[in-house]
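Numbers restart at 1 for each chain; the letters A, B, ... are given by sequence-line order, proteins then strands.
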2 protein chains.
Amino acid sequence: MNIPSIIERKRDGKTLTEPEIKSLIDGFTTGDIPDYQMSALAMAIYFNGMDRDETTSLTRAMLASGDTLSHPNKGSRSVVDKHSTGGIGDKVSLILAPLLACDSELIIPMISGRGLGITGGTLDKLESIPGFNVNLSKKQALAQIDAIGVVMMGQTTDIAPADRKLYALRDVTATVASQSLIVASIMSKKLAESLDKLVLDVKFGSGAFMQTLADAHSLGESMQDVGEMMGVRTQVVYNPMNEPLGHTVGNALEVTEAIAALRGEGPEDLVNITLDLALQVSRKKRDQLNGWLTDGSAYQKFLEIVESQGACPEDIERFSDLHAPKVSKDLHSPASGEILSINAATAGKVSLQLGAGRTRAEDTIDFSVGLSNIRKIGENINAGDPLLTIHASDNDSANAAGEELLSAIRIE
Amino acid sequence: MNIPSIIERKRDGKTLTEPEIKSLIDGFTTGDIPDYQMSALAMAIYFNGMDRDETTSLTRAMLASGDTLSHPNKGSRSVVDKHSTGGIGDKVSLILAPLLACDSELIIPMISGRGLGITGGTLDKLESIPGFNVNLSKKQALAQIDAIGVVMMGQTTDIAPADRKLYALRDVTATVASQSLIVASIMSKKLAESLDKLVLDVKFGSGAFMQTLADAHSLGESMQDVGEMMGVRTQVVYNPMNEPLGHTVGNALEVTEAIAALRGEGPEDLVNITLDLALQVSRKKRDQLNGWLTDGSAYQKFLEIVESQGACPEDIERFSDLHAPKVSKDLHSPASGEILSINAATAGKVSLQLGAGRTRAEDTIDFSVGLSNIRKIGENINAGDPLLTIHASDNDSANAAGEELLSAIRIE
């Protein structure tokens, strides 16, 4: 295969065939195709894109580069999962996985990622639970699914190694922000779960990767196309991400809020979005699903997951005491009136700067820091009342966070 | 320096600064910047281009990555050279260098390249002269310039190593055809000759890299801009390349024709273009220059070059006997009328297939094969008269060449 001529065709806006794409990915995975050709191709794809068939071929090739989770004992149950394109304060997965596991018709082999930039990651949040092991082998994962119907874990090194290698290359060659490459990266990992149904939570707005609903539609439809072409019932839900979801941003703070939601005490926006997504993959009614949140079933299922993955259920009962931040300060409203905006991107950025996130993959995370008691858009507030609480590792960073946040909140 | 963010800025159509470009090229030359980042950047440059300042900065950085030919004993003489963007049957350099060396006001440190694809190379043609050494050291080159005012040689490994490394990378990543990168590559090597004046022979038409005059203007003006910004008087001459230049294509065949021209017996188109280019860098009149062709001065200077670079002047006297092709066949005109077209690209391609050129840099060349006695557009011809003579290594390749050529010649 003449690699330069394939790069040239994509450079000139031509379409690549399935066998070409498969050979490219296979050769790249084995090292026969060097990084410098793949990065030039990725840049050509950035400029000229890939159509639906090409994106599906790329997804299939990356999926086939590694192992999949097959579910030998699934019986008549459906294998389902959710993927979110990433939001601020988005702790939906922590609630959704145990909630769906209350439905005996479902298997939920949830493979999640870590936080990067202003977006948090489910694995980091789970690891704020002492002893919680997200690094399960395929064998461990299948055994747990067999026992309790659900697992919450990271990508094993056997899953989509081509994607891992390509993502690392894109990260250092300014080729991350290509829709086709994003879609293939997400879908190759999700489809490795051998799903029957997938629901996609595509965010749009100031705190999302996609700023406009039109862009979100483009991304969502592309992921849906690939999912459907590969035989997975794929639904898309579009959700605005202009203010943080729920009242918290930051790892342990979000786990605390998720635990509350699992006990039927979650904030309205967080519970609603969780139920909306659950309804796309479960055949149960909304009342039934909400009942599992309020009657303790979902919470019990979460404790089963916690115990099965090496942590102590007792720690969940007293979770909010485990990660006491060094400094906690209320941010007071400078004016009276209606809250018009609490910028989600700024909340994410401040939380990152406080130490709750990573700017680089190798950074470590402070589980205790972040924001809580965040008021919602549309609420009325009096001057001097708390807008939110800042949790920090020292006074200086708390004060800096407060200043930055004030510039991102509008009250009229 | 954050390389991904520099790639990202070029990807997004922004302008890079001179210090950024210098750091990129320095880091790439030392290996601190890996190939995969440089190839992604080259593809971004392919799509978004570089402006005049960026292209000049890139040229300067690549020039500064290596050594230059400085001329300590040049006195009041001007250091001059020509560069051609490549044509079919273009043996102008073989005539121009000794011709200009007849002008005692000039120094001609001509560094040339090898043939690739349908375009021939001056170094290959010179090497069809037994013993001719094009691989001179800087010291040898300067000594010869001191003695006879002219040298015809290849690029030493010390000249523009960044360009050599970048060109090798572009060759395998479909990023050769970027005007900014082409300009910087050509000019960094030419400017390493420490020139005072440079004339550029930019070809356009079916047998040229640039198909239209507009494209040729764009390339020529960009090279002129860079030359002038770096302090070299740079003139551009635009020449059509629709039929082969002169009557021959192929290494030894072209040297034979060049020798004839050096003795005042060259074909009109070849002599005219040589004089046109010479007039851009010499202060002598056309008659004077033409006189050096007809009075034997240029031929004598060529013999001096030949002798100084290790070959025998006697071989030049009997040169056409040195490379007798195995098979020589006339191609007969199928019709009577005026010759409307002899496609230069086809003549180049046939010559390449006969063995006169390279499809890959490591291919070897058959000096004896090619085309001669090529008739010119506008001439009248009778059916059955020879259109040209094919020189080949066997009958089959001669016949295949004849068939392909007939399809490229139009007679009305």
Pairs table: donor-acceptor atoms between chain A and chain B closer than 3.5 Å:
residue, atom, partner, partner atom, Å
A/Arg11, NE, B/Tyr46, OH, 3.1
A/Arg11, NH1, B/Ala174, O, 2.9
A/Tyr36, O, B/Ser39, OG, 2.6
A/Gln37, NE2, B/Val172, O, 2.8
A/Ser39, OG, B/Tyr36, O, 2.6
A/Ser39, OG, B/Ser39, OG, 2.8
A/Tyr46, OH, B/Arg11, NE, 3.2
A/Val172, O, B/Gln37, NE2, 2.8
A/Ala174, O, B/Arg11, NH1, 2.9

Quick one: what part of A/Leu169 sits under 4.5 Å from any heavy atom of chain B, side chain, backbone, both or neither?
side chain
A/Leu41 vs B/Met43 side-chain heavy atoms within contact, under 4.5 Å
no
List the atom of A/Ile7, the atom of B/Val172, and the distance in Å for their closest heavy-atom pair.
CD1-O, 4.1 Å
